[in-house]
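In what follows, chains carry the letters A, B, and so on, assigned in the order in which the sequence lines appear, proteins first and then strands, with residues in each chain numbered from 1. The figures here come from the full heavy-atom set of this structure, side chains too, leaving out hydrogens, waters and symmetry mates.
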Amino acid sequence: MKLDGNAIAGPLAEVFGRDVTLAVMTCSGCHESAVIARAMVYVTAMGSVARCPTCDRALLVLGPGPGARIRFSMPGVSSLELTPDEPDAA
Amino acid sequence: MTHRPAAWHAATVRSVSRETASARRIEFEVPTWPGNDAGAHLDVRLTAPDGYQASRSYSIASSGDSRRVVLAVDEVPGGEVSPFLVHELQPGDQVEIHGPLGAYFVWTPGDERPVQLIAGGSGVVPLYAMAELHDREQDSTPFRLLYSVRTPDDRFFASELEQIAARGRLEASYVYTRAVPAGWHSAPGRVTRDALAAATWPVDRRPRIYVCGPTPFVETVADWLTELGHEPRAIRTERFGGG
């Protein structure tokens, strides 16, 4: 199912300990930047993949790990910018 | 925007009521809830007796510092979570909720730019939260809503939206895709680019635009808004699906 980065706010908050939908990811493929909420997210029973809204590269992968663990990787992200208070990005 | 950390909370059902033929409004009491901005969502997690867990995201219809959290859940037939929430959950029951989530798709009062809300189906829930907050806070920003929904009876928060509009706090336009009221100005049908342009703020008003609905609806509308000349960064979208 195709959704967007809002859909993985919950699992990402488990990883980062906070809401990161306004964090800015830079794609290691096309070097474009976008907030996580704007990523294209594909959700399956095996987990979720967030893809670059510009070039479709797989940026983040989230899935169930062993036991109750979460498996998380950032295969296509060259940098992630987080602000301490998450001010309005617009 | 108030800092409201996301965390897991035990939520107790305070009341349930019929929202539409397929949807239910659920009011939770959450003693540890930090409050939430208008437009935020949360994850509901259900645990079966055998330990199997399933979770789904739902937008929050309420906002502010209240420990009361209101959802309006549409049943997705065959879904793992929504049929339980719509048919089985009763006052006094407890579920686990994780939130508030989604600092991107929120509106906070005090901004000069007009606001355009565009909803497809149950995607109206976070947009209703924004319109309700705008009304409650007596915020002076002009608000418009374009709501695409199957029939008049399928509207969520129908009477609340009518009351806000009657107070002059919201200009609401409806597009009915399956059945229209008697004497309606057009046949049932999907939103068109021309209808979108006619019912929404013109580009020169520089509106902040929030679009929420099923993925095809959101993508079609967002593409048209960009073609009409709205700044892509002023268009905030939230897609949903699954149940």
Side-chain angles (χ1 to χ4, degrees), chain A residues 1-25 32-54 56 60 62-70 80-90, chain B residues 1-8 36-37 39-45 47 51 53-59 76 80 96-108 110-111 113 126 206 208-212 214-216 218-219 222 231-243:
Chain A
M1 183 187 311
K2 184 187 177 191
L3 297 168
D4 57 41
N6 299 295
I8 51 171
L12 287 176
E14 301 274 31
V15 174
F16 289 93
R18 56 184 282 195
D19 185 87
V20 291
T21 50
L22 282 177
V24 177
M25 293 187 292
E32 290 289 326
S33 298
V35 294
I36 287 180
R38 287 191 185 269
M40 297 295 102
V41 170
Y42 298 82
V43 177
T44 72
M46 295 305 295
S48 303
V49 179
R51 293 186 172 275
C52 175
T54 305
D56 212 37
L60 307 177
L62 270 164
R69 287 168 176 248
I70 294 171
L80 181 71
E81 294 170 25
L82 292 150
T83 45
D85 298 313
E86 296 282 37
D88 191 278
Chain B
M1 198 180 318
T2 313
H3 181 60
R4 291 170 163 138
W8 284 98
N36 61 274
D37 291 311
H41 69 270
L42 53 74
D43 289 348
V44 173
R45 181 164 70 189
T47 304
Q53 292 187 323
S55 66
R56 291 293 183 276
S57 297
Y58 296 99
S59 287
V76 177
E80 284 190 319
E96 293 175 290
I97 63 172
H98 184 210
L101 299 166
Y104 169 78
F105 200 78
V106 299
W107 176 80
T108 45
D111 179 38
R113 291 170 70 172
R206 300 187 65 242
R208 288 191 189 280
I209 306 174
Y210 296 85
V211 188
C212 186
T215 300
V218 168
E219 298 196 341
E231 290 175 82
R233 57 190 274 142
I235 306 167
R236 296 201 170 200
T237 53
E238 185 164 82
R239 297 159 177 81
F240 67 74

| query | Between A/R51 and A/E32, is there a salt bridge with N-O shorter than 4.0 Å? | reply | no
| field | Carboxylate-amine/guanidinium proximity below 4.0 Å for A/D4 and A/R38 | value | no
| In terms of heavy-atom proximity below 4.5 Å to chain A, should B/E219 be classed as side chain, backbone, both, or neither? | side chain
| Structural part of B/P232 lying under 4.5 Å from a heavy atom of chain A | backbone
| Relative to chain A, which segment of B/I97 carries a heavy atom at a distance below 4.5 Å: side chain, backbone, both, or neither? | neither
| said: If you count heavy-atom pairs within less than 4.5 Å of chain B, which of A/G10, A/A13, A/A37 leads? | reply: A/G10
| request: Could you tell me whether B/R56 and B/D43 make a salt bridge, using a distance below 4.0 angstrom between a side-chain N and a carboxylate O? | output: no
| field | Ring geometry between B/F105 and B/Y210 (parallel below 30°, tilted from 30 to 60°, perpendicular above 60°) | value | perpendicular
